[in-house]
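For the numbers below, each heavy atom of this structure counts, side chains included, while hydrogens, waters and symmetry mates do not.
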Amino acid sequence: MLIGKNNPLNATLAETLSDYMSTGSRVSPEEFLSPDFDSTIEEVVVFVNLIDLTNQESQIVKKVRALSKETKIVAIHTFTVPSMIEQVISHGYDAYLSFFDLSRDMDSLMNSLRENSEV
């Protein structure tokens, strides 16, 4: 699952992610946080496009954790500076990917997540 707005960037991102996960889908931050959102998370990895978020980030992380403690949460943004990446991870994410390195780093990220869980 990709949590991100309905735009061309996220459509491309969702398509790329579907190459790595069989249950790829996209949901907007507002839809995900809505009380009407289907509260079942079957995905073992949830990707969050941080560019699309304003004050919703902590709510999204909390909701994903509440719905499934086994689900891994991966933040996606343009940061490449290690201190900025560490700050993102400290907000409760399990991993981080830069848009700039997505295709290069996706295989190693997914392998790492698989090694650390039942992905």
From [X] atom [atom1] to [Y] atom [atom2], the distance as rounded to the nearest 0.5 Å:
X	Y	atom1	atom2	answer
Glu30	Asp52	CD	CG	8.5 Å
Gln56	Phe32	CD	CZ	11.5 Å
Met110	Asp19	CE	CG	11.0 Å
Leu13	Phe47	CG	CZ	8.0 Å
Lys5	Arg26	NZ	CZ	11.0 Å
Asn10	Ile76	CG	CD1	8.5 Å

Please name the pair of heavy atoms, one in [X] and one in [Y], separated by the smallest distance, quoted to 0.1 Å.
X	Y	answer
Pro29	Gly4	CD-C, 3.8 Å
Val88	Ala75	CG1-CB, 3.5 Å
Ile89	Ala95	CD1-C, 3.5 Å

CA sep, side-chain torsions, deciding dist, call: Val48, Glu57, side chain to side chain contact (heavy atoms under 4.5 Å, CB included): CA-CA 9 Å; Val48 180; Glu57 180 183 2; over 6 Å; no
Do Phe100 and Leu2 land in one hydrophobic cluster if side-chain heavy atoms of ILVMFWY residues count as linked below 4.5 Å?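 Looking at the clustering, Leu2 is in a separate group from Phe100.
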Using modelled atom types and a 3.5 Å cut-off, is there a donor and acceptor pairing between side-chain atoms of Thr16 and backbone atoms of Thr12?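 Here the side-chain-to-backbone pair exists.
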Using a 4.5 Å cut-off on heavy atoms from C-beta on, say whether the side chain of [Y] contacts that of [X].
X	Y	answer
Val45	Met1	no
Ile60	Ile73	no
Tyr93	Ile85	no
Tyr96	Val74	no

Which pairs with one or both residues in residues 86-100 pass salt bridge (charged side-chain N to carboxylate O under 4.0 Å, His left out), sequence neighbours excluded?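 Counting only pairs at least two positions apart or across chains, the salt bridge (charged side-chain N to carboxylate O under 4.0 Å, His left out) contacts touching residues 86-100 are Arg65-Asp94.
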Given Val46, which of Val61, Val27, Thr71, Leu67 fulfils the side chain to side chain contact (heavy atoms under 4.5 Å, CB included) condition?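 Considering Val61, Val27, Thr71, Leu67, a side chain to side chain contact (heavy atoms under 4.5 Å, CB included) with Val46 is found only for Thr71.
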Around Glu31, counting heavy atoms of other residues, nucleotides and ligands shown, do more than 12 lie under 6.0 Å from its CD?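 Yes, the 6.0 Å shell around CD holds more than 12 heavy atoms from other groups.
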